[in-house]
Amino acid sequence: MRPLLLFYVLYLVCVCLGVLCVAFVSYWNHHWRGGFAWDGSGLQFNWHPVLMVTGLVVLYGNAAVLYRIPLTWGQNKLPWKLLHAVLMFMALIMSIVGLCAVFDFHNKGGTPNVYSLHSWLGISTVVLFTAQWALGLGVFLLPYSPVELRKLVKPVHVWMGSAIFILSIVSCISGINEKLFFSLKGGSNVTKPYSALPPEAVFANSLGVLIVAFGLVVLKILSNQTWERPEAGQVDGSSRVSMETRSEKGRTCFLSHFLCSAQQLARLVHHFLAVTGHSILHSVFSLYIQYVCQYVN
């Protein structure tokens, strides 16, 4: 009973820290950075930290610990797989839109792209995340993948998931620090230099501390082997065969609905990228929609 109580305490802390992270990053950009817009100005840039923290850190972290919740262990795993995939897909979409925001801002202002360490880490994280999500979809959700392949890929999938989460935290922390260095230069009556620790610097630094604390709690939950979901193979005899049969039928049904929803969401993002002029990402999503349509149809 004690390990389960500890889990739920940590999970409650995880949820609370996640909510605080989203609240802090939103308030920071609304109160000190002027709010939000989508016009190529600095207000458009403000979407970048909000979407990255919300998607790559908070949504990603909560999706990662979903399988560790003991209340889900005695139930069919498929709905939780789908929820895991949907949360990860939402995090991926947020990160892509967040990248669009910063690229638009840089292009409108004539600022070079992808020159800082923060940008290198961020782009690498999103690329790895995209590959990880596609791998998870192809191996663990599609009903055509063999069981042996899933067993082979699962350790890599779990390890890569934790590595991407750590990279996400590092990217967000470096981004917050970079933004403060660029914005709080002093030299005016409006802002003080970062070294003087004005209220905005204290608040943004506190956001960074909250992100690190959230990451540590998530990694603690993921590293505890006693909280791993029991494998379905522990069920014996005809019950296991019946469960596997129902699982495969349910997988096909749920997957069809999931892919239809993913197709519609991808079309919306595809249209958004076409309108905003992101030709490379537009082409990537064109290929993605073609891939999804093969399984929907």
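Summarising the geometry of Ser171 relative to Gly122, their closest heavy-atom pair is OG-N, 3.6 Å, with the distance given to 0.1 Å. Nearest heavy atoms, Ser174 versus Leu121: OG-CD1, 4.5 Å. Contact record, Ser26 with Phe36: O-CZ, 4.0 Å, taken as the closest heavy-atom pair. Pro198 and Pro193 make their closest contact through CD-O, 3.3 Å (heavy atoms, listed as atom of the first residue, atom of the second, distance). For the residue pair Leu10 and Val217, the shortest heavy atom distance occurs at O-CG1, 3.4 Å. The two residues Phe45 and Val102 come nearest to each other via the heavy atoms CE1-CG2, 3.5 Å.
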(request) May I have the step-by-step check of side-chain contact (heavy atoms from CB on, under 4.5 Å) for His157 and Val139, ending in yes or no? (result) CA-CA 10 Å; His157 186 71; Val139 174; over 6 Å; no

(request) Could you check Leu222 against Phe165 for side-chain contact (heavy atoms from CB on, under 4.5 Å), going step by step and ending with a plain yes or no? (result) CA-CA 11 Å; Leu222 294 177; Phe165 182 64; 5.6 Å; no

(request) Carefully, step by step, assess Asn113 and Asn107 under the rule side-chain contact (heavy atoms from CB on, under 4.5 Å). (result) CA-CA 8 Å; Asn113 289 307; Asn107 292 337; 2.9 Å; yes

(request) Could you walk me through whether Thr72 and Leu66 pass side-chain contact (heavy atoms from CB on, under 4.5 Å), step by step? (result) CA-CA 9 Å; Thr72 68; Leu66 187 65; 5.7 Å; no

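When the shell of 6.0 Å around CH2 of Trp47 is examined, it contains 12 or fewer heavy atoms from other residues, nucleotides or ligands. No more than 12 heavy atoms of other residues, nucleotides or ligands sit less than 6.0 Å from atom NE2 of His30. Within 6.0 Å of the CH2 atom in Trp120, the count of heavy atoms belonging to other residues, nucleotides or ligands does not exceed 12.
Aromatic rings from Phe89 and Trp133 are positioned such that their centres are separated by under 6.0 Å.
Between Tyr60 and Ile169, every side-chain heavy-atom pair lies at or beyond the 4.5 Å cut-off. A 4.5 Å side-chain heavy-atom check between Glu178 and Ser116 finds at least one atom pair inside the cut-off. Within the 4.5 Å cutoff, the side chain of Phe214 has heavy atoms near those of the Asn62 side chain. Counting only heavy atoms from C-beta outward, the side chains of Arg68 and Arg229 never approach each other to under 4.5 Å. Between Trp80 and Ile69, every side-chain heavy-atom pair lies at or beyond the 4.5 Å cut-off. Residues Asn177 and Tyr194 have side chains in contact (heavy-atom distance under 4.5 Å, counting atoms from C-beta outward). Contact annotation: the side chain of Glu228 never approaches that of Tyr67 to less than 4.5 Å [non-hydrogen atoms, C-beta and beyond]. For the pair Asn46 and Phe105, the minimum side-chain heavy-atom distance is 4.5 Å or more.
No path of Ile, Leu, Val, Met, Phe, Trp and Tyr side chains, each step under 4.5 Å between heavy atoms, connects Leu12 with Leu71, placing them in separate hydrophobic clusters. Leu197 is not connected to Phe182 by any chain of hydrophobic side-chain contacts under 4.5 Å among Ile, Leu, Val, Met, Phe, Trp and Tyr, and they are in different clusters. Val209 and Val170 end up in different hydrophobic clusters when Ile, Leu, Val, Met, Phe, Trp and Tyr side chains are linked at under 4.5 Å. Two different hydrophobic clusters hold Val53 and Val202 under the rule that ILVMFWY side chains link at heavy-atom gaps under 4.5 Å. Val147 and Val158 sit in two unconnected hydrophobic clusters of ILVMFWY residues. Membership requires side-chain heavy atoms under 4.5 Å apart, directly or through other members.
Between the OH atom in Tyr11 and the CG atom in Leu4 there is a gap of 14.5 Å [rounded to 0.5 Å]. Interatomic distance, CD1 of Ile93 versus OG of Ser95, reported as 7.5 Å (0.5 Å rounding). Here the CG atom belonging to Leu56 is positioned 9.5 Å from the CD1 atom belonging to Ile164, to the nearest 0.5 angstrom. Within the model, atoms CZ of Phe140 and CG of Leu135 stand 6.5 Å from one another, a figure rounded to the nearest 0.5 Å. Rounding to the nearest 0.5 Å places CD1 of Ile211 at 11.5 Å from CG of Leu20. With rounding to the nearest 0.5 Å, the separation of OG in Ser162 from CG in Leu219 is 6.5 Å.
We find that Arg33 and Glu200 are joined by a salt bridge, their nearest charged nitrogen and carboxylate oxygen being less than 4.0 Å apart.
Ring geometry for Tyr27 against Trp32 counts as perpendicular: the plane angle is over 60°, on a 0 to 90° scale with 30° as the lower cut. By the 30° and 60° cut-offs, the orientation of the rings of His118 relative to His48 is perpendicular.
Listed for the Asn224 side chain is no donor-acceptor partner under 3.5 Å among the backbone atoms of Lys220. Between the side chain of Ser183 and the backbone N or O of Leu180, no donor-acceptor pair lies under 3.5 Å.
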